[in-house]
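Comments concern the structure below.
If you read the sequence from its start, that first residue is 1, and numbering goes on from there. All values below come from the heavy atoms of this structure, side chains included, with hydrogens, waters and symmetry mates left out.
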Amino acid sequence: SQAPVDIELTWTATDGTLWAAAYTGTLSASMPLDSGPVTGNPDAVSTSNGTVGVVWRDSAGNLWTELGASTMWFGAHEVGQGGLASDPTVVASGAGTMDAVWRTQTGSVWAAGVTQNGGPNQVEVDSSVSMGRPAAAGSAPRPLAVVVQRQDGSRAPPLHPPATGRTSTTGGDTVGR
């Protein structure tokens, strides 16, 4: 939501592509996003300045992002090539900034900033084997917190991947972008 009465709707159509519409008292015309076929469930978030970010994976396990607001979208960008085993999660990490988090086929958890150009390089958040879709929460200026489930079913302690340009310490390991 960009304002108290503004809602940005995104959904996967029957052909597997993403679509969007805005509601600002009336529903706008639906418009396709430049997604191509989507695998799994995409995730979306709105930042405090009204930027909407959508993340998804394609059938090859690649991470894709799209940013926009209301009737203007910037175009889809591939952030990572292959390796996604879970649907990605996206969380607002500041005004106009977002982070995507996902689990790889080896079970490790990775993150990347989401920008109009797709995002910076991916960074491994936790190399321990996990399962399921990572959950993430963020509130600027605090770091993003990621929660994952271990193979034995237990919850791992919250992980804190870095925001753009910062580093953080997780379990004694320094992670940076």
Inset, instruction - Could you grab the distance from atom CD1 of Ile7 to atom OG of Ser28, nearest 0.5 Å is fine? - result: 11.5 Å

Legend entry - Point-to-point distance, once rounded to the nearest 0.5 Å, from CG of Asn41 to OG1 of Thr89: 10.5 Å

Legend entry - All side-chain hydrogen bond (donor to acceptor under 3.5 Å, both in side chains) counterparts of Thr10, not counting sequence neighbours: none

Inset, instruction - Please collect all salt bridge (charged side-chain N to carboxylate O under 4.0 Å, His left out) contacts where either partner lies in residues 24-34, sequence neighbours excluded, each pair once. - result: none

Inset, instruction - List the atom of Val52, the atom of Trp73, and the distance in Å for their closest heavy-atom pair. - result: CG1-CH2, 3.8 Å

Inset, instruction - Indicate yes or no: at least one non-hydrogen side-chain atom of Trp102 is less than 4.5 angstrom from one of Leu63. - result: yes

Legend entry - Heavy-atom closest pair, residues Glu8 and Ala22: OE1-CB, 3.6 Å

Inset, instruction - Output all residues satisfying side-chain hydrogen bond (donor to acceptor under 3.5 Å, both in side chains) with Thr17, sequence neighbours left out; order by chain, then residue number. - result: Asp15, Trp19

Pairs under 3.5 angstrom only: tabulate donor-acceptor contacts from the side chains of residues 54-61 to other protein residues two or more places apart or in another chain.
from  : atom 1 : to    : atom 2 : distance (Å)
Arg57 : NE     : Asp87 : OD1    : 2.8
Arg57 : NH2    : Asp87 : OD1    : 3.1
Asp58 : OD1    : Ala60 : N      : 3.0
Asp58 : OD1    : Gly61 : N      : 3.1
Asp58 : OD1    : Asn62 : N      : 2.9
Asp58 : OD1    : Asn62 : ND2    : 3.4
Asp58 : OD2    : Asn62 : ND2    : 3.1
Asp58 : OD2    : Trp64 : NE1    : 2.9

Legend entry - Student check: side-chain heavy atoms of Val91 and Val45 closer than 4.5 Å: no

Legend entry - Any donor-acceptor pair under 3.5 Å from Ser35 side chain to Leu18 backbone: yes

Legend entry - Exercise: identify the closest heavy-atom pair between Ala21 and Leu27: CB-CD1, 4.0 Å

Legend entry - Ser46 side, atom OG; Asn49 side, atom CG - distance, nearest 0.5 Å: 8.0 Å

Inset, instruction - Flag the pair Met98 / Thr51 as yes when at least one side-chain heavy-atom distance between them is below 4.5 Å, and no otherwise. - result: yes

Inset, instruction - May I ask you to test the Pro42-Thr12 pair for a side-chain heavy-atom distance under 4.5 Å? - result: yes

